[in-house]
Each structure stands twice: as C-alpha cells, then as structure tokens.
There are 2 protein chains.
Amino acid sequence: MTRKKPATLSDIAATIGVAPMTVSRVVNKSGYVSEEMRERVLQAVAEMNYRPNGLARSLKRQRTETVGLVLGDISNPYSTEIANAVREGLSAGGFNLFICISEHSAKEDIAAFDSLVDHNVDGIIVATRSNKEGDERLAGIADRYIPVVVVGRDFHHDQVDSIAADNFSGGYEATQHLIDLGHKRIAFIGASFNDRANLKRLQGYLAALTKHDIPIDERLITGKKETASESPGYSTEKIGYEGMKRLLSLPNRPTAVFARNDFTAVGAMTAVKEAGLAIPRDIAVVGFDDTPLALHTLPPLTTVRQPMRLQGQLAAELLLRRIKNREIETENRVLECELIVRQSTV
Amino acid sequence: MTRKKPATLSDIAATIGVAPMTVSRVVNKSGYVSEEMRERVLQAVAEMNYRPNGLARSLKRQRTETVGLVLGDISNPYSTEIANAVREGLSAGGFNLFICISEHSAKEDIAAFDSLVDHNVDGIIVATRSNKEGDERLAGIADRYIPVVVVGRDFHHDQVDSIAADNFSGGYEATQHLIDLGHKRIAFIGASFNDRANLKRLQGYLAALTKHDIPIDERLITGKKETASESPGYSTEKIGYEGMKRLLSLPNRPTAVFARNDFTAVGAMTAVKEAGLAIPRDIAVVGFDDTPLALHTLPPLTTVRQPMRLQGQLAAELLLRRIKNREIETENRVLECELIVRQSTV
DNA sequence: GCGATGTATGTTAACGTTAACTTAATATCA
DNA sequence: TGATATTAAGTTAACGTTAACATACATCGC
C-alpha cells in the first residue's frame, strides 16, 4: 500500500471544480459563499479527510496562534503549576501552548528559544534560571520585537515583562516566624548560588537574623556552590536529608531549620525523626512553596506559599497583551508570598 | 520607534547583491560556495540579525524536525520521567520536542493532536488516557501515515507502535508479596475505572487474591467510579488519606494495603500514623511507581518500580524509526515491573 | 432605467524558503 | 587539445495558503 499525500486545499478545489479561494472561504468561514457551495465544499473536505496545512497558513498569515513556554525542568511543582496556569490562560484566549524543557542547561535553553522562534510562535514565556548565553539570546529575540515574558528569571529588557515571587520577603518571614517562636540557632538547608530564587530566600533568611541581632553562623548554612547545571530540582529530599544529618552532628545543633523548599524539608524531617528527635519540640522545620505534600507530612509542614498559579496566569495575560500590542510599557511584577503556619513549627 | 520586520533571506541577498539561493547555500552549508562569498554572506547574516524562517523552510522541505508529546497532566512523576527521557532520545537524534498538556480531557486531547498536526510535527507520542473521541482522532491521524507512538495508552492501530508497563503483573507481585508475608485482609486504595493502568493494577491485585483463595471483599477496595475527566493525578495524597480513614473505620480492618501509587500510599501512611498505628506492624503499605519520595517516607516505602525512563526512551526510539521509514511492522512492547521491598512491609 | 449596494465567485501575487535545473568559468586528465 | 569534472554562481518554480483586487450578476430604491 502506497502512502498517499494529504489532500490540499487546491486538491479539494480541483475535485469539485472551483477556485481554491472558494474552498478557503468555506474553511475559514470568511467572505461570501452560497449555502449550496458551502455544503459541496464541506462534503469534499470531509470525504478527502482534509486538514489545512498550518505551516502554509501561518506563513501567509504571519501568526501561529501558538505560544512557547520554556521550563528548566518539568519535575517540579513550580514548573507544573506555572505550566498549567499558563495553559489555561492561553487556551481561554484561543492560543496553543508548546512547552520546551531545558534541563537547566544554557545550551538547551538557547536551543529551546531558537526552536520556538523558528516555529514562529507568537510569543515566549521563559521560566528558566538566568545564564549569560541564554540572556544574550533572549535579548536578541526581544530586540526583534518578539513578545517575551520572563517568570522568576532575573532578566531585564525594555521589551520584556517580568513576573516573580518575592522570595526575599518569603525567606524573611519564614525566619522571622522562627525567631518569634524563640529560636536562636536557625539553620538554612540547601543553599544554592546559581539559583536566583533560592539565593533570595537565603538573603531573606540572613536579613531576618541580622535584623534581630542573631549572629550568622556559616556552619548552619548547608548547601554547595554548584558551578553549572544542577540536579533535578525535584528529588531534593536527598539534599534535605544529608544537610540535616550534617547539622545534627554539629556540637551545638540548631533548634530550627528553614529549608529551600518543601521537598528539602521532607528530607530534613526524615533525618530528624531517624535521629529520634521530635518535630517541632526538638527541631522546628519550615519549608517553601506549599506543595500538596506539605499537608501530608507528619506533622504537617509550616511553609511559605508562593502564588504559583497566579504567576502563570499573569504570564499568560501579559504575553497576550503584548502580542496584541507591542508598543506598551513593560511591567515588572513582584508577587507577595504568604507564610502558612502548620504543626512543624508550633 | 517603529518595529522593523525581521530580515529575510532575500533581504540578505539583495543587500550584498547576490541571488537568494546563494545565501541559502551558505546558511545551509549545502552546495558550492566560494570561501570569499561565504564570508560576505555570513557577515551580512550577522549584521542583519538574520534567522531562517522555520515555517517557510518546513513548508518547502516538508519536515519540521520536531516531535510532539501529549501528556495528560504534567504534575506527575510518570509524565515527568517520560518527558525527560523522550526529550533526551529526540535531541540525540537532532529533533526538537514540543509538549502539550490535555488535563485528561478528551477535548483538550484532540486540541493537542490537532495543534501538533497543524504545526506539521514529524511525529507524535501520546501518553494520555484512552477516550473514545481521542482514539478516533488519533486513528484518523495514523491513517494519514503520520508517525504515532502511544505510551501506556490502550490504543491499537496498524500504523501505531505502543509501549506500556506491565501494570497487571506489577499489581500481582505487590499483592503476592503481601500474601507471602501472611496477610489475608489486603485492601486496595484508589481504584479508578477510567484509568487503564490503574485498572490493570487492580486486576493484578484481584488475580493474586483469587490465586491464593483469598475471598475478595469489596469493602476493602476504595476508590470511586469517576465518569469523566479527573483530578490532578499528583495530589492524590488526599485519596490515600481518605481511603485509609474509611478502611480504618471498618469493623474488621485490613492488615495491609496496596495503594494505586506512591502519593496515595503516602496519604494512607499519614492516616495510619494519625490513628496511632504502626507501619508495618499493624498495617503494611505498598505503593506503585517508586518515585523519589518512596525512599524518604518513614518507614521507606515498599513499591513497584515501573521503568518510566525506559518507556520514554523506547517511545523516542520507535518514533524516530517510524519517521525514517513508515513501512515497518508495528511493535507493541510490554515492559516488566519490579517489586522494591523496603521497610513499609517487612 | 440606472447607479448603488450586496452577494458570489475567480485571479493574482505573495508569505520565505529551497529542490532541481541551468549557465559559466575553471581545473583535470588521457 | 579536447572531453570531462569540478566549482560557483543564477533562474525557475513550487511548498499550501490567503489578502487584495477584479469580475459578474442580482437586488433595490428612486
């Protein structure tokens, strides 16, 4: 059996003996077509299993009604929530979403940008970590007036809207909460210097300590100075578990820990329980992100909720706005985080 | 400032006074071009910030070097691992990956298929749950000889390769394991009848009980008969928690539970602990999937590992194979699962 | 009866690229 | 030396669609 090529608009036109344009009008419901002709065309379309060629259409129309989303990794509630919210926002506006994964590599970041630009998407939402080469390419794209919105990425350009959670104040509040409970030896688990959001959380932690005249003890800050691409964000239970083990072996161990995120917190909690200590009596634990998991740890986890969905919604909204009209002021939104107190600290 | 249109290949050709074809040859490194000309062109390309228009190129070349992946939801280690493995397999072959999310809705499933077909992707990998309308559309796509591979989806077509984990024997082994440990009252948490994989796990569970002459008690099977689109696969801790609560309130409560997946198992464990019972002494728990989480529950979770990465790798491999040559026998692979025994059952 | 308007089609050219062919100059070799 | 390759371009037409314009007939109000 030989493979037959898909029918084109001209094929349809030829078989029923009309001009291609007439078929186009029926398919696109535009312009004048008689009811009789409409039916003839529609029947042929159905019979020949015709589908418009999107490439040709987009090439001619100069728009694809498609938006690209670049994520660092997919195995991460943050990415997940953003993607879902973006998708909803876009499909409400009639746009399709294509997602690309960069695995936190600058090279893949760029490959994703290029691939999306090559497919002439109408706009791009970028939610990967900043890196020099990627930023340069992104600037080049924005320079060409392709609508771009960045989420949680440290990138500035006069054509690019940005959205981020206030990780600094989130970290500050989490630490403040522990201080309010009387803790003096508060640890930070999972510091990472090439992840901007994480860094901000750490800075918030440091600021809160400083504000309350609590000396900063470097031994209480675990983490590593990664240089390049790093770990699958998701399985950071390991980081938490190992970090906590190290902290517990200190001569003067902490009475509270602030973990970079909920997964790290879960790992830390496991280490605490294994050591025969109680949470929060011996060690209080705070996480970050308020993932669904946080409700189901034992005890339930105090954590900082960042508005993930809202970030995704806003990203979709700002991008659609910019697609409609490129000549607008850029917006840079910073969204508040909220401390959710549960039983792991009280 | 007025927005200038991006430079085209002809623009480049015009500014340096050569034929467009010459520029094309330089850009694509094909055919003969003198070294001197090459440099002239390359310089103009750089100066004018030129990027080939992928739509036009794909339209002409009749291929996009892009593959689409349709996932039911993104908030799910299963989707995640598959996506990562597929991505790796494809990028090794020089293909780009676009991911679409259907939110387990037949309508969105179809929208995703159509969007991908409209963008003329070279092939599609489908990892969503089966549904009638979606299957019909998918068959129509496969009929047009567009390469399609399904992963964990119950779909048969003489042009479509399929890959699935052996959920039945996974469920069987998990249950067998509990029976071997002497359990007679074994519950199943989170039954769902519109999720094929889940159904198979349940059937494996039932088969193991039957094989060992253990009567099936319907009260020990929790779950609901959902009709349509369902829950965000990911936060099924709730299902596990609530299911376990119900089981614990039975007059003759189970001594072991087999949960549909690890998240459900975690929820169940929380309920067990809250009731003041010990795992595995009072109630043994088995999960499914072997997510990273399973190592960090307390106690660590016995679970059934399904080869997620392998499924993704195979999907990429089979799809690329079919893209290269459509006239090949279809393959239907069923991959073994492996019971990982940890402390939640022993 | 005549311009104005509405309806139903057809024609042309273009979106940006490249496969396939053509032309022309230069190099190679028996 | 002439035949044959090789190199370096240019020309044409097409991928499948649609915007813009052109044509033709019917209807309408006056």
Side-chain angles (χ1 to χ4, degrees), chain A residues 4-42 44-45 48-66 114-115 117-122 144 146, chain B residues 3-42 44-45 48-66 114 117-122 144 146:
Chain A
K4 55 185 184 307
K5 294 256 281 297
T8 72
L9 194 142
S10 306
D11 293 340
I12 306 279
T15 46
I16 58 176
V18 297
M21 198 55 216
T22 303
V23 180
S24 173
R25 274 191 270 255
V26 172
V27 171
N28 296 295
K29 304 188 209 329
S30 70
Y32 294 115
V33 192
S34 69
E35 185 53 32
E36 183 211 340
M37 176 64 82
R38 233 179 66 79
E39 274 167 26
R40 268 215 294 161
V41 170
L42 251 26
V45 162
M48 301 177 69
N49 200 9
Y50 168 75
R51 285 234 88 207
N53 181 318
L55 292 183
R57 174 180 278 178
S58 297
L59 177 59
K60 179 66 195 175
R61 288 193 181 159
Q62 300 287 66
R63 64 198 147 81
T64 52
E65 244 118 71
T66 299
D114 287 350
S115 172
V117 170
D118 286 352
H119 280 264
N120 290 41
V121 294
D122 294 337
R144 278 187 280 155
I146 295 171
Chain B
R3 174 156 49 98
K4 55 183 186 307
K5 294 256 282 295
T8 72
L9 191 139
S10 305
D11 293 341
I12 305 279
T15 46
I16 57 176
V18 297
M21 198 56 218
T22 304
V23 180
S24 172
R25 276 191 270 254
V26 172
V27 171
N28 295 296
K29 304 187 208 328
S30 71
Y32 294 114
V33 192
S34 69
E35 186 54 33
E36 183 211 342
M37 177 64 82
R38 232 179 66 81
E39 273 166 26
R40 268 215 294 160
V41 170
L42 251 26
V45 162
M48 302 177 68
N49 200 10
Y50 168 76
R51 284 235 90 206
N53 180 317
L55 292 183
R57 172 181 279 179
S58 297
L59 178 60
K60 179 67 193 175
R61 287 191 181 162
Q62 300 287 67
R63 62 197 150 81
T64 52
E65 241 115 75
T66 299
D114 287 351
V117 170
D118 286 353
H119 280 263
N120 291 39
V121 294
D122 294 337
R144 278 186 280 154
I146 295 172

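So you know, we letter chains A, B, ... as the sequences are listed, proteins then strands, and number each from 1.
- For the salt bridge (Lys or Arg N to Asp or Glu O under 4.0 Å) condition, no pair includes a residue of residues 11-33 of chain A, sequence neighbours left out.
- Taken residue by residue, residues 31-41 of chain A places heavy atoms nearer than 4.0 Å to DNA chain C at Tyr32(A), Val33(A), Ser34(A), Met37(A).
- The two residues Val18(A) and Met37(A) make their nearest non-hydrogen contact at CG1-CE, 3.4 Å.
- Put simply, CZ on Arg144(B) and OH on Tyr50(A) are 10.5 Å apart, with the number rounded to the nearest 0.5 Å.
- With sequence neighbours excluded, no residue forms a salt bridge (charged side-chain N to carboxylate O under 4.0 Å, His left out) with Arg61(A).
- When every heavy atom of Asn120(A) is checked against every heavy atom of Gly54(B), the shortest pair comes out as OD1-N, 4.0 Å.
- Heavy atoms of Ser10(B) sit under 4.0 angstrom from at least one base atom.
- Partners of Glu36(B) under the salt bridge (charged side-chain N to carboxylate O under 4.0 Å, His left out) rule, at least two apart in sequence or in another chain, do not exist in this structure.
- Axis orientation changes by 40° from one end of the helix from dG1(C)-dC30(D) to dA30(C)-dT1(D) to the other, with each end axis drawn from 5 pairs and the value rounded to 10°.
- Checking His119(B) against Thr66(A) by side-chain atom types alone, a donor-acceptor pair falls below 3.5 Å.
- Residues passing the side chain to side chain donor-acceptor pair (under 3.5 Å) test with Arg57(A) are Asn28(A), sequence neighbours excluded.
- Contact check of residues 15-28 of chain B against DNA chain D (heavy atom, cut-off under 4.0 Å) returns Val18(B), Ala19(B), Met21(B), Thr22(B), Arg25(B).
- Here chain A contacts DNA chain D (any atom closer than 4.0 Å to a heavy atom, that is under 4.0 Å), and the contacts span dG16(D) to dA20(D) from 5' to 3'.
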What nitrogen or oxygen pairs link the protein and nucleotides 22-25 of chain C at under 3.5 Å?
none

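- Residues satisfying the side chain to side chain donor-acceptor pair (under 3.5 Å) criterion with Thr64(B), sequence neighbours excluded, are Asp122(B).
- Not one N or O on the side chain of Ser24(A) forms a donor-acceptor pair closer than 3.5 Å with the backbone of Pro20(A).
- Val27(A) places a side-chain heavy atom less than 4.5 Å from the side chain of Pro52(A).
- Using a distance-only test at 3.5 Å, with no hydrogens or angles considered, a donor-acceptor pair links the side chain of Thr15(A) to the main chain of Ile12(A).
- In terms of position on DNA chain D, the residue among Arg63(A) and Leu59(A) whose nearest nucleotide sits closer to the 5' end is Leu59(A).
- Taking Asn53(A) as the reference, nothing meets the side chain to side chain donor-acceptor pair (under 3.5 Å) condition, with sequence neighbours excluded.
- Residues passing the side chain to side chain donor-acceptor pair (under 3.5 Å) test with Arg40(B), sequence neighbours excluded: none.
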